[in-house]
J.: 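So that we are looking at the same thing, I have put the structure below in structure tokens.
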2 protein chains.
Amino acid sequence: MKIRVNKKSYFRLDIDEMNGYTPGEQPKMLNLIKLNTNENPYPPSPKVIEAIRNFELNHLRLYPDPMCDSIRDVVAELHGVKRENVIAGNGSDDILTMAIRCFTDGERVAACFDPTYSLYNVLARMQGAKCIKIRLKRDFSLPANVVKKADGANLLLIARPNSPTGRSYPLKQVAKICEKFDGIVLIDEAYADFAGDNCADFVKCFDNVIISRTMSKSYSLAGIRFGYALASAKIIDGMMKVKDSYNVSMLTQAAVKAALQDREYLAETVAKILNTRKRLVKKLAALGFEIVESDANFVFAAPPDNDGKNFFDVLRDNQIVTRYFPGKTTGRYVRISIGTDEQINKLLEIAKKLYQPR
Amino acid sequence: MKIRVNKKSYFRLDIDEMNGYTPGEQPKMLNLIKLNTNENPYPPSPKVIEAIRNFELNHLRLYPDPMCDSIRDVVAELHGVKRENVIAGNGSDDILTMAIRCFTDGERVAACFDPTYSLYNVLARMQGAKCIKIRLKRDFSLPANVVKKADGANLLLIARPNSPTGRSYPLKQVAKICEKFDGIVLIDEAYADFAGDNCADFVKCFDNVIISRTMSKSYSLAGIRFGYALASAKIIDGMMKVKDSYNVSMLTQAAVKAALQDREYLAETVAKILNTRKRLVKKLAALGFEIVESDANFVFAAPPDNDGKNFFDVLRDNQIVTRYFPGKTTGRYVRISIGTDEQINKLLEIAKKLYQPR
């Protein structure tokens with residue numbers, strides 16, 4: 001056959017010019033203490049293990065339920081809504097992609113805070129949509145006049161609690177934004193199970209609100225890929241059109257159903273993590289760290305010398321991987337996922353050596 | 001909280017106006033003979049079952065490998081290419097979505113044959129892209145001047161073997177199209193393992209060709225969601241930018257790796273299906289059916305009275321679900337997935353009762 005080498009790129013210009021999203025490192029070394037992508041240090045519920053062990057694997061020859069209806073029913077009951085208010089995603093990133101594809105394009109602009117989950121901006125870029133960045137205050141709390149600053153946007157993405165800061169925003173203020181904003185508000189509640197409150201009930205009042213949740217953090221199921229969204233039936237209907245037909249695997253559906261029903265295990269695991277978080281915050285504060293108030297399973301902490309990069313590097317040299325976000329506002333900090341007490345103790349030992357006043 | 005009901009739709013016009021893709025029915029009744037979505041009637045390889053049974057389920061708390069590198073290596077070896085020539089998808093529909101998002105938009109048009117896999121058109125619509133439909137000949141073979149007819153398109157989607165017809169196109173003719181077409185050619189080889197030849201080697205010659213494959217048909221793994229694409233490193237690099245970071249679950253990765261390595265089981269299963277296909281075609285032909293020559297795990301067959309709908313309905317009344325595609329060219333036919341010999345015998349009994357000359 002003749003060899004053919006393209007003279008031109010056939011890619012859309014947006015794709016050619018953009019950089020893809022860089023996920024947190026998934027190191028293949030087993031002896032590392034991995035505190036970089038906010039995974040849960042505890043295993044999934046024993047009910048999940050049982051569901052997978054008992055799964056009739058010969059059924060894998062068949063397509064899964066494209067709608068995940070049995071999971072939608074469990075989720076609906078959990079949040080006091082109906083099946084028609086729930087959509088399933090291959091991770092909550094899949095939910096974000098659906099929303100971006102439904103509500104943004106060359107004319108319909110997205111908006112999000114800065115700093116926040118950097119994927120929002122990447123997804124907008126991919127879709128050929130501009131993304132308005134609304135700067136948070138110095139302490140990463142909400143600035144004044146958010147609705148005015150987001151004016152002209154069709155989709156406002158709010159991570160609550162936010163990442164990488166861990167900070168939540170007052171429920172009333174967020175409700176006010178939802179009430180006033182002329183567009184869709186997507187509240188990304190990936191970390192909501194670690195917070196004191198959440199916005200799930202907003203979908204009962206506001207026809208323009210999407211709540212997204214993930215099983216990757218509080219349910220210890222990052223490996224199986226599942227997230228869901230709650231919204232008005234009209235929004236869910238439209239999102240269904242862009243959903244990939246069979247986006248959630250059969251084994252994932254079995255695991256998720258079991259996990260969602262084991263409320264006790266979830267409560268126990270979350271309680272352990274909150275306990276460890278409290279201890280970590282206290283000890284780091286005693287060493288002079290500045291710590292953003294966290295409602296998530298991680299803390300955003302600036303060492304006394306404000307050199308986030310150095311702390312990150314020293315931890316890494318000691319086989320502890322955390323996450324560093326370069327930049328003017330974020331570069332002072334290191335984001336530390338809450339691990340087991342043992343893992344956090346090792347981190348604290350290193351912090352002590354570095355920052356303990358002599 | 002105040003109740004808010006949107007006065008306007010915030011959806012993109014394309015989404016508001018389009019109908020979503022309707023996947024084939026996944027009936028929940030267990031006694032049905034399911035010959036409607038081209039699933040494999042045989043279970044997955046015992047190696048797959050073993051891989052899942054032995055999987056350390058506590059690892060599910062961690063994110064999966066975002067790139068699926070260990071699978072990419074197996075796929076690369078299988079096709080004599082490099083890791084950089086392979087991308088993994090959450091089913092091959094995910095691969096199609098990535099291609100549509102990379103190569104089409106309001107200005108960059110898609111093209112495909114008619115009839116073909118109807119998802120192509122839905123995906124283009126979703127992306128706000130036009131889709132040129134190139135009508136196949138009456139016998140569903142390639143028309144003349146395909147390149148000219150696709151002129152102006154940036155992405156040409158070719159299902160080979162085609163669905164719903166099962167027909168393949170001559171390798172040389174497809175190579176000629178790839179050589180001459182000023183754009184990307186995606187050859188969807190979902191059914192290639194059931195065909196006498198395939199286009200995988202095209203990626204070694206043509207910088208504008210993407211080959212997509214699925215594990216849903218020949219590997220009996222529709223339930224686990226996996227597909228992959230082969231292409232030049234430059235195309236794979238660009239597609240990686242739009243790929244969802246963690247698109248393939250950990251359990252799926254384990255299952256796929258085991259399945260890809262069990263070549264013997266694949267060959268056995270495919271041989272059984274080809275055998276049953278041959279028998280079905282022969283018996284239906286004897287009853288006066290017109291059958292499109294099939295290179296896939298299904299046949300597209302028109303009963304002697306050319307009333308596809310009636311045959312479909314009678315089968316359905318007898319607990320056999322096949323697929324009917326309304327329309328001028330397709331409405332004469334019924335698409336029958338190749339089941340076990342026992343299942344196909346039941347279908348043949350009904351066909352005999354209906355069409356046996358007395």
Side-chain angles (χ1 to χ4, degrees), chain A residues 1-6 10-12 15 18 20-21 23 26 37 39-40 43-44 49 52 57-66 90-91 93-94 97 102-103 105 108 126 128 154 175 179 183-184 205-208 220-225 238 240-242 244-247 249-252, chain B residues 1-6 10-12 15 18 20-21 23 26 37 39-40 43-44 49 52 57-66 90-91 93-94 97 102-103 105 108 126 128 154 175 179 183-184 205-208 220-225 238 240-242 244-247 249-252:
Chain A
M1 278 183 285
K2 276 194 199 168
I3 301 285
R4 167 179 163 158
V5 178
N6 300 336
Y10 294 101
F11 279 93
R12 291 169 46 226
I15 307 296
M18 75 183 273
Y21 173 73
Q26 302 301 339
T37 51
E39 286 139 334
N40 198 311
I49 313 291
I52 296 175
L57 295 173
N58 285 349
H59 287 172
L60 294 178
R61 71 176 188 83
L62 299 169
Y63 280 98
D65 174 7
N90 182 39
D93 286 352
D94 188 24
T97 294
C102 281
F103 301 109
D105 56 23
R108 289 167 185 81
M126 215 179 278
N154 194 52
E179 193 194 320
I184 302 293
C205 314
F206 301 124
D207 254 15
N208 63 328
S220 308
L221 285 173
I224 59 107
R225 316 310 303 127
M240 284 289 182
K241 294 185 192 173
V242 309
D244 177 38
S245 322
Y246 300 105
N247 60 335
S249 104
M250 241 180 215
L251 287 169
T252 297
Chain B
M1 278 185 285
K2 275 196 198 167
I3 302 284
R4 168 180 162 157
V5 178
N6 300 337
Y10 295 100
F11 280 93
R12 291 169 46 224
I15 307 295
M18 75 183 275
Y21 172 74
Q26 303 300 339
T37 51
E39 287 140 334
N40 198 311
I49 311 292
I52 296 175
L57 295 173
N58 285 349
H59 287 172
L60 294 179
R61 70 175 189 84
L62 299 170
Y63 281 98
D65 173 7
N90 182 40
D93 286 353
D94 189 24
T97 294
C102 281
F103 302 109
D105 56 22
R108 288 167 186 79
M126 216 179 276
N154 194 52
E179 193 194 320
I184 302 293
C205 313
F206 301 124
D207 254 15
N208 63 327
S220 308
L221 285 173
I224 59 106
R225 316 309 305 127
M240 283 289 181
K241 293 185 193 173
V242 309
D244 177 38
S245 320
Y246 300 105
N247 61 334
S249 103
M250 241 181 214
L251 287 168
T252 296

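Computed from a predicted structure; not experimentally measured. Below, read A as the first sequence line, B as the second, and so on, with proteins coming before strands; counting in each chain starts at 1.
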J.: Examine whether an atom of A:N208 lies under 4.5 Å from a heavy atom of chain B, and if so say whether it belongs to the side chain, the backbone or both; otherwise answer neither.
T.: both
J.: Identify the two heavy atoms, one from B:N247 and one from B:N90, that lie closest to each other, and give their separation to 0.1 Å.
T.: O-CB, 3.3 Å
J.: Where is the tightest heavy-atom contact between B:A222 and B:E39, given as atom of each residue plus distance?
T.: CB-CG, 4.3 Å
J.: Just so I understand: if I count every heavy-atom pair under 4.5 Å between each of B:D105, B:V242, B:D93, B:D207 and chain A, which residue has the most?
T.: B:D207
J.: Could you tell me which non-hydrogen atom of A:I15 sits nearest to which non-hydrogen atom of B:G238, and how far apart they are?
T.: CG2-O, 3.8 Å
J.: Please name the pair of heavy atoms, one in B:P23 and one in A:Y246, separated by the smallest distance, quoted to 0.1 Å.
T.: CB-OH, 3.4 Å
J.: Identify the heavy atoms of A:S245 and B:Y21 that sit nearest to each other, and give their distance.
T.: OG-CD2, 3.2 Å
J.: Might you point out which heavy atoms bring B:F103 and A:Y10 nearest each other, and give the distance in Å?
T.: CD2-O, 3.4 Å
J.: Is the shortest side-chain heavy-atom distance between B:L221 and B:N40 below 4.5 Å?
T.: no
J.: Can you tell which part of B:D244 gets under 4.5 Å to a heavy atom of chain A, answering side chain, backbone, both or neither?
T.: side chain
J.: Pick whichever of B:T252, B:I184, B:T97, B:D94 has the most heavy-atom pairs under 4.5 Å with chain A.
T.: B:I184
J.: Based on non-hydrogen pairs under 4.5 Å, which of A:M18, A:R12, A:M126 is most in contact with chain B?
T.: A:R12
J.: Report which part of A:M240 has an atom under 4.5 Å of a heavy atom belonging to chain B: side chain, backbone, both, or neither.
T.: neither
J.: When heavy-atom pairs shorter than 4.5 Å are enumerated against chain B, which of A:G91, A:C102, A:G128 gives the highest number?
T.: A:C102
J.: Can you check whether B:R4's main-chain N or O pairs, donor with acceptor, with A:E179's side chain at less than 3.5 Å?
T.: no
J.: Identify which part of B:T37 has an atom lying under 4.5 Å from any heavy atom of chain A, answering side chain, backbone, both or neither.
T.: both
J.: Tell me which of these, A:N154, A:L62, A:I224, has more heavy-atom pairs under 4.5 Å with chain B than the rest.
T.: A:L62
J.: Between A:D65 and chain B, which part of the residue has a heavy atom less than 4.5 Å away: side chain, backbone, both or neither?
T.: side chain
J.: Please classify the contact between B:R108 and chain A as side chain, backbone, both or neither, with a heavy-atom cut-off of under 4.5 Å.
T.: side chain
